[in-house]
2 protein chains.
Amino acid sequence: MRPHAGLPELAERLRRCSRKATGPRQSILEILRRQAHPLSIKEIFAALPEGGGDLATVYRSMHLLEGMAMVKRFDLGDGVARFELLVEGDDGHHHHLVCTRCAGVVEIEDCFIHELESRVASRNGFKAVTHKLEFFGICPACQNP
Amino acid sequence: MRPHAGLPELAERLRRCSRKATGPRQSILEILRRQAHPLSIKEIFAALPEGGGDLATVYRSMHLLEGMAMVKRFDLGDGVARFELLVEGDDGHHHHLVCTRCAGVVEIEDCFIHELESRVASRNGFKAVTHKLEFFGICPACQNP
DNA sequence: GTCCCTGCAAATGGTTTGCAGGCGG
DNA sequence: CCGCCTGCAAACCATTTGCAGGGAC
């Protein structure tokens, strides 16, 4: 995976879209930049510096960043949205293997479904077909308590 | 797909687990029995006969039925749980192709992921690995408005 | 100076729960 | 009869929104 851009470059990407590189937004991007795994809104909010932003602001920021394709939203099936920072120009398509005991997450690099995707699309006459796929299981650490 | 059991047989399955075959539960099973596609709680509730049950009762019933493996829960990514009736002894594993415009659902019979599943499991040392996979696209009807 | 953003608080929508009475087995 | 179930209402949790003041450019 390509390394993420530095904070100044991320801020630049915001300004390029006539969006403001405000304090809370830079904090959020910095938090995501340090994380290999998807973070929930609550986790991001908790990692914010003291008084560094409001929960509603985090929600609004994630919406904005998602719309700009600067972050990608993942649904790990527990009713909580999670986000990962995107490398510019990458669509961030990949999957996760989630431990159902400790909620730990492993990134799965390969995506093996694109061929199936086109088969599913043509068989049913659908266009613009995408997919969501996540794996669940019990991680090594949780197998021996 | 094997046809679903009749209502008496479904009621029998409840009693076998010392659960009561009450009015609301039978109504819910009857509604699901007629449906090929997953139904949301709201949809089930709306299909109930006049005064045939409370919304909370539907939630509680779906929980119970899911625990008994009489229904399967699906998450189509819109924050609403949906349910399908299960044939006894079947785990109901399959996937859906969802139209992002009209929310129509096509059932995808084959599951082609089980081999990948074991590969993902052994590579990462996980046990009991399962997966969730749903496809999204634009259905034929919605392509020509 | 102009809008975009923020903080606060209240609203929303899906889902869960506490409680007292009711019905199935 | 006993305990599982139900209806009603209130609680919960993630997320969204209205509003007025404040800051980035």
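FYI, side chains are in, hydrogens and waters are out, and symmetry mates aren't considered; it's all heavy atoms of this structure. Each chain gets a letter, A, B and so on, in the order the sequences are listed, and its residues count up from 1. Keep in mind the model is a prediction, meaning the values are calculated, not measured.
- Open room surrounds CZ on B:R101; 12 or fewer heavy atoms of other groups in view lie less than 6.0 Å from it.
- An OP1 or OP2 oxygen of D:dT15 is reached within less than 4.0 angstrom by a side-chain nitrogen or oxygen of A:Y59.
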Verdict with reasoning, A:H63 to A:F83, per ring-ring contact (aromatic ring centres under 6.0 Å, His included): CA-CA 10 Å; A:H63 238 126; A:F83 298 86; 8.6 Å; no

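- Counting non-hydrogen atoms under 4.0 angstrom, B:G53 reaches the backbone sugars and phosphates but no base.
- Evaluation of the ring pair (Phe, Tyr, Trp, His ring centres under 6.0 Å) rule for B:H37 yields no partner, not counting sequence neighbours.
- Residues B:V80 and B:S40 come closest through the heavy atom pair CG1-CB, 3.7 Å.
- In this structure, CG of B:L14 is placed 9 Å from P of D:dC5, rounded to the nearest angstrom.
- Taking atom CG of residue B:L55 and atom P of nucleotide D:dC5, one finds them 19 Å apart after rounding to whole Å.
- For A:I41, taking side-chain heavy atoms from C-beta onward, the closest of the listed nucleotides D:dT15, D:dT17, D:dT6 is D:dT15.
- Close to D:dG3, at under 4.0 Å from its OP1 or OP2, lies no side-chain N or O of B:K20.
- Between A:S18 and the phosphate of D:dC25, there is no side-chain N or O to OP1/OP2 separation shorter than 4.0 Å.
- Contacts of B:A56 with the nucleic acid, taken as non-hydrogen atoms under 4.0 Å apart, include base atoms.
- Looking at which nucleotide of DNA chain C each of B:G79 and A:S61 is closest to, the 5′-most match is held by A:S61.
- In 5' to 3' order, the nucleotides of DNA chain C bounding all contacts with chain A (an atom under 4.0 Å from a heavy atom) are C:dC3 to C:dA9.
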Chi angles and distances behind the side chain to side chain contact (heavy atoms under 4.5 Å, CB included) call for B:R25, B:L64: CA-CA 10 Å; B:R25 289 179 184 173; B:L64 172 74; 3.4 Å; yes

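- Rounded to whole Å, the distance from NZ on A:K42 to C1' on D:dC12 is 11 Å.
- Atom CG in A:L64 sits about 14 Å away from atom C1' in D:dA24, given to the nearest Å.
- Rounded to whole angstrom, the span from the CZ atom of A:F45 across to the P atom of D:dC13 amounts to 16 Å.
- With DNA chain D read from its 5' end, the first of the two nearest nucleotides for B:D54 and A:G23 is the one closest to B:D54.
- The two residues B:P38 and B:R82 have their closest heavy-atom pair at CB-CB, 3.6 Å.
- Using a 4.0 Å heavy-atom cutoff across all strands shown, B:R60 reaches at least one base atom of the nucleic acid.
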Audit row: A:H114, A:H93, ring-ring contact (aromatic ring centres under 6.0 Å, His included) steps and yes/no: CA-CA 11 Å; A:H114 282 111; A:H93 185 87; 5.1 Å; yes

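- Counting to the nearest Å, the C1' atom of D:dA14 and the CE atom of A:M62 are 15 Å from each other.
- A:A81 comes within 4.0 angstrom of sugar-phosphate atoms only, judged by non-hydrogen atoms across all strands, and of no base.
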